[in-house]
Amino acid sequence: MPDTIRIEDIARHAGEEVTIKGWLFNRTDKGRLQFLQVRDGTGFVQCVVFKKEVSAEVFAEARALTQESSLIMTGTVREDSRAPGIPGGYELGVTGMRVLQQAEEHPIQPKEHGVEFLMDHRHLWLRSQRQWAILRVRATVIRAIRDWFDTHGFVNMDTPILTPAACEGTTTLFETDYFGEPAYLAQSGQLYNEADIYAFGRVYCFGPTFRAEKSKTRRHLTEFWMVEPEVAFCDLDQLMEIEEQFVSYIVQTCLRDRAHELDLLERDTSYLEKVTPPFPRISYDEAVGVVAEIREQTEDEDLRQLLAMEWGDDFGSPHETELTKRFEKPVLVYGYPTRAKAFYMEPWPDRPEVSKSVDLLAPEGYGEIIGGSERISDYDLLIQRLREWGLPREAFEWYLDLRRYGSVPHSGFGLGVERTVSWICGLDHLRETIPFPRMLKRVYP
RNA sequence: UCCUCGGUAGCUCAACUGGCAGAGCGACCGGCUGUUAACCGGUUGGUUGUAGGUUCGAGUCCUACCCGAGGAGCCA
């Protein structure tokens with residue numbers, strides 16, 4: 001049997017006799033000519049079975065092949081502009097074939113299906129071209145994230161997933177039984193990161209995070225992946241520089257390495273190409289003004305209702321969506337009201353009602369993909385904040401220690417991987433950005 | 001938790017003011033040498049989400065419940 005090749009490398013084998021191992025995902029039958037669309041995980045290729053060129057047995061067997069049957073094809077690679085697929089432009093002139101398993105009738109056909117049906121068959125849906133493209137972009141986003149941090153002085157430090165108590169309130173935590181004591185699935189590694197920077201300077205944690213929010217929207221999962229860097233000797237301005245460099249690198253890496261996939265997804269990449277530093281920066285105060293202005297101008301009564309807000313309120317999805325439509329690039333919104341954010345955020349100098357916080361909002365209506373801030377480094381202020389937020393001091397003794405032994409100004413942020421993938425791919429729902437999404441009322445398959 | 005929309009064949013949907021439950025796709029059989037979700041002919045296909053009610057008659061109207069989708073709040 002000729003050497004097995006990967007479909008993604010097919011152009012390098014033009015004219016050669018090769019073997020391809022994969023699955024049939026679609027077919028077109030033309031009498032004495034059959035076009036079998038085969039995928040192998042690395043790409044998609046058309047295999048042409050011509051009655052004159054194969055044995056009667058192979059031709060008959062090819063005719064009987066069902067969608068998703070597993071097979072081993074041998075044949076000659078030839079260039080042909082009519083050949084569909086990814087990378088495309090080459091096809092296999094089949095000379096031999098072995099069927100490993102003749103698949104039963106596959107539930108998912110190459111046509112439209114409803115959301116519920118697809119989600120019930122997520123384990124099979126993954127095989128479709130669209131899901132293949134999205135999840136390859138996801139893998140590239142993850143690689144780019146690690147590449148950037150690993151080459152910018154950050155050390156990867158994993159933080160615990162089972163945690164003792166609430167960082168930001170228990171209502172959104174999944175509780176588990178930890179040998180008779182309650183423990184909670186982590187919703188952030190930040191506090192542990194803050195401990196880690198005192199040993200390593202710059203760190204990042206990267207893992208799944210859990211939120212028991214009863215959110216039922218296109219931008220929420222109960223289990224999602226978040227990367228959280230934390231940096232010693234870093235203020236809010238420096239943090240914003242890191243964010244724009246980092247996000248630009250992720251986007252540009254995807255444009256370079258996943259062009260086929262973005263093309264398959266019919267993603268208009270013109271906006272993505274503009275994602276280079278610096279990003280526009282506006283203060284929360286300014287942003288509130290812009291939202292008020294948009295609200296004034298709109299004729300849409302429902303939108304006017306949704307955009308109602310007062311200074312001090314955090315932005316909701318409608319606000320973010322409208323705001324980002326005003327910018328071609330991601331926008332950094334900084335200086336949120338203290339009461340709208342978490343207890344650990346450093347106050348603005350001479351403006352205690354404002355925090356040194358920053359959110360990064362993706363363009364085209366995608367909204368928040370990063371939330372970050374400079375952290376409180378002063379022991380007394382942190383004690384005061386715990387009290388104001390009604391948090392039990394005992395649970396935070398270790399965290400307070402960090403302000404006792406060589407405290408320094410430090411900052412960090414969290415980037416949601418799924419929201420980033422959704423934006424880069426131009427999707428309208430987060431559920432397609434992770435192989436097996438966990439959502440309100442969805443833990444199967 | 002709240003608001004809006006929906007549930008009919010394996011899938012995607014149609015069925016007018018209540019009156020014979022249909023089409024396309026798939027599957028199966030046959031035809032076709034360049035198809036791209038091919039095309040042509042044939043075959044196959046139903047507890048209309050569940051329970052109750054109104055009616056001569058309910059997919060259609062009423063009540064309750066279940067399930068799903070989109071949104072709000074909350075957040076990445």
Side-chain angles (χ1 to χ4, degrees), chain A residues 25-37 44-53 63-64 66-67 78 80-86 88 91 93 103-121 128-130 168-169 171-172 187-190 208-228 302-303 305-309 313-321 340-342 359-362 366-372 413-423 428-431 433-434 439-442:
Chain A
F25 76 94
N26 201 3
R27 63 176 301 140
T28 304
D29 208 335
K30 282 283 294 179
R32 291 187 181 81
L33 190 58
Q34 296 175 59
F35 298 98
L36 305 179
Q37 314 296 331
F44 301 79
V45 72
Q46 169 166 283
C47 300
V48 183
V49 185
F50 187 20
K51 197 166 188 176
K52 282 200 311 207
E53 293 168 356
R63 270 202 88 143
T66 49
Q67 186 189 343
R78 58 178 178 240
D80 191 316
S81 60
R82 293 169 298 185
I86 297 175
E91 64 185 17
E104 293 178 27
E105 188 181 338
H106 193 67
I108 299 179
Q109 307 156 14
K111 53 167 280 194
E112 283 185 30
H113 294 282
V115 171
E116 188 182 10
F117 179 80
L118 289 170
M119 288 305 300
D120 284 342
H121 296 86
S128 75
Q129 284 193 319
R130 181 181 162 82
E168 304 172 26
T171 53
T172 62
Q187 61 176 357
S188 167
Q190 182 205 315
T209 187
F210 307 89
R211 306 258 169 109
E213 291 161 3
K214 299 214 169 171
S215 301
K216 201 170 126 43
T217 78
R218 63 181 72 191
R219 48 213 297 175
H220 290 88
L221 299 173
T222 54
E223 177 183 306
F224 64 97
W225 284 64
M226 186 160 68
V227 60
E228 296 174 279
D302 292 340
L303 184 61
Q305 202 75 38
L306 283 169
L307 292 180
M309 71 179 297
D313 294 340
D314 203 349
F315 298 119
S317 295
H319 308 96
E320 286 180 1
T321 301
K341 292 286 180 182
D359 282 358
L360 187 144
L361 309 183
Y366 280 92
E368 184 178 357
I369 58 170
I370 284 182
F413 65 85
L415 172 129
V417 169
E418 289 76 15
R419 285 189 181 175
T420 304
V421 173
S422 183
W423 162 48
D428 59 14
H429 202 297
L430 238 45
R431 65 181 156 237
T433 62
I434 185 167
M439 297 177 291
L440 189 64
K441 298 186 177 181
R442 169 68 67 181

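As a basis for the values below, the full set of heavy atoms in this structure was taken, side chains included, without hydrogen atoms, waters or symmetry mates. Numbers restart at 1 for each chain; the letters A, B, ... are given by sequence-line order, proteins then strands.
- Atom CG in Asn26(A) sits about 11 Å away from atom P in rC39(B), given to the nearest Å.
- Remark: the separation of the C1' atoms in rU47(B) and rU43(B) is 25 Å, to the nearest Å.
- As rounded to whole Å, 15 Å separates atom P of rC74(B) from atom CD of Gln187(A).
- In terms of polar N and O atoms assigned as donor or acceptor, the side chain of Arg419(A) comes within less than 3.5 Å of the base of rC75(B) in a complementary pairing.
- Straight-line distance between the C1' atoms of rG10(B) and rG46(B): roughly 12 Å, to the nearest whole Å.
- With sequence neighbours left out, the ring pair (Phe, Tyr, Trp, His ring centres under 6.0 Å) criterion links Phe50(A) to no other residue.
- Residues Phe117(A) and Pro107(A) meet the side-chain proximity criterion, which asks for heavy atoms closer than 4.5 Å.
- Here, rC5(B) and rC62(B) have their P atoms 13 Å apart, quoted to the whole Å.
- Checked for salt-bridge contact, Arg78(A) and Asp80(A) miss the test: no charged N lies under 4.0 Å from a carboxylate O.
- Pairing partner, rG18(B): none, since no Watson-Crick or wobble contact has both distances short of 3.5 Å.
- When the P atom of rG73(B) is taken as reference, atom CD of Gln305(A) falls 12 Å away, rounded to whole Å.
- Residue Leu306(A) holds its CG atom at 7.0 Å from CG of Asp302(A), rounded to the nearest 0.5 Å.
- Side-chain N/O atoms of His429(A) include one lying less than 4.0 angstrom from OP1 or OP2 on rG70(B).
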Detail all sub-3.5 Å separations between protein N/O atoms and N/O atoms belonging to nucleotides 1-8 of chain B.
{"residue": "rU1(B)", "atom": "O4", "partner": "Lys214(A)", "partner atom": "O", "Å": "3.4"}

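- Of the residues Asp359(A), Leu360(A), Val417(A), the one that meets the side-chain contact (heavy atoms from CB on, under 4.5 Å) test with Ile369(A) is Leu360(A).
- If you take atom P in rU4(B) and the same atom in rA15(B), they sit 23 Å apart, rounded to whole Å.
- Between Arg442(A) and Met226(A), the residue anchored closer to the 5' end of RNA chain B is Arg442(A), taking for each the nucleotide with the nearest heavy atom.
- With a 3.5 Å ceiling on both atom-pair distances, rA38(B) lacks any Watson-Crick or G-U wobble partner.
- If you check rC61(B) for Watson-Crick or wobble pairing at under 3.5 angstrom, you find it paired to rG53(B).
- Not counting sequence neighbours, Arg63(A) has no partner by the side-chain hydrogen bond (donor to acceptor under 3.5 Å, both in side chains) test.
- Distance CG/Leu221(A) to OG/Ser215(A): 10.0 Å, rounded to 0.5 Å.
- Among the atoms of the strands shown, none is found under 4.0 Å from any heavy atom of Gly85(A).
- When the salt bridge (charged side-chain N to carboxylate O under 4.0 Å, His left out) test is applied to Arg219(A), the partners found at least two apart in sequence or on another chain are Glu320(A).
- If you take atom C1' in rC2(B) and the same atom in rG45(B), they sit 42 Å apart, rounded to whole Å.
- Ser317(A) comes within contact range of at least one nucleobase, with a heavy-atom separation under 4.0 Å.
- For Lys111(A), the listed nucleotide lying nearest its side chain is rC25(B); candidates were rA76(B), rG68(B), rC25(B).
- Remark on RNA chain B: of its neighbouring residues Phe224(A) and Arg27(A), the 5'-side contact belongs to Arg27(A), judged by nearest-heavy-atom nucleotide.
- Nucleotide rU36(B) holds its C1' atom 13 Å from the CG atom of Leu36(A), rounded to whole Å.
- Glu116(A) has its CD atom 15 Å from the C1' atom of rG10(B), to the nearest Å.
- Side-chain contact, Gln34(A) with Thr28(A): no donor N or O sits under 3.5 Å from an acceptor N or O.
- When the shell of 6.0 Å around NZ of Lys51(A) is examined, it contains 12 or fewer heavy atoms from other residues, nucleotides or ligands.
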Margin query: Each nucleotide in nucleotides 28-35 of chain B should get exactly one letter: B, S or -. Can you fill that in based on protein heavy atoms under 4.0 Å?
Written below: ----BBBB

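- Separation of the C1' atoms belonging to rG24(B) and rC40(B) is 16 Å when rounded to the nearest angstrom.
- Across every strand in view, rA23(B) sits in a pair with rU12(B) that passes the Watson-Crick or G-U test at under 3.5 angstrom.
- For the residue pair Ser188(A)/Glu228(A), the side-chain donor-acceptor check at 3.5 Å is satisfied.
- Among the atoms of the strands shown, only primed sugar atoms or phosphate atoms (P, OP1, OP2) are found under 4.0 Å from some heavy atom of His113(A).
- When the P atom is used for both rU63(B) and rG18(B), the distance is 16 Å, rounded to whole Å.
- For Gln129(A), the side chain to side chain contact (heavy atoms under 4.5 Å, CB included) criterion is met by Phe25(A), Phe44(A), Leu264(A), not counting sequence neighbours.
- Counting to the nearest Å, the P atom of rC74(B) and the NE2 atom of His319(A) are 9 Å from each other.
- At the heavy-atom level, Gln109(A) lies under 4.0 Å from base atoms of the strands shown.
- On the P atoms, rC74(B) is 22 Å away from rA69(B), given to the nearest whole Å.
- Rounded to whole angstrom, the span from the NZ atom of Lys341(A) across to the C1' atom of rA76(B) amounts to 10 Å.
- Phosphate proximity of rG70(B) to Arg431(A): present, with a side-chain N or O under 4.0 Å from OP1 or OP2.
- With a cut-off of 3.5 Å on both pairing distances, the Watson-Crick or G-U wobble partner of rU1(B) is rA72(B).
- When heavy atoms are screened at a 4.0 angstrom cut-off, Leu221(A) is found touching base atoms of the nucleic acid.
- Remark: P of rC13(B) and CD of Glu112(A) are 8 Å apart, rounded to the nearest angstrom.
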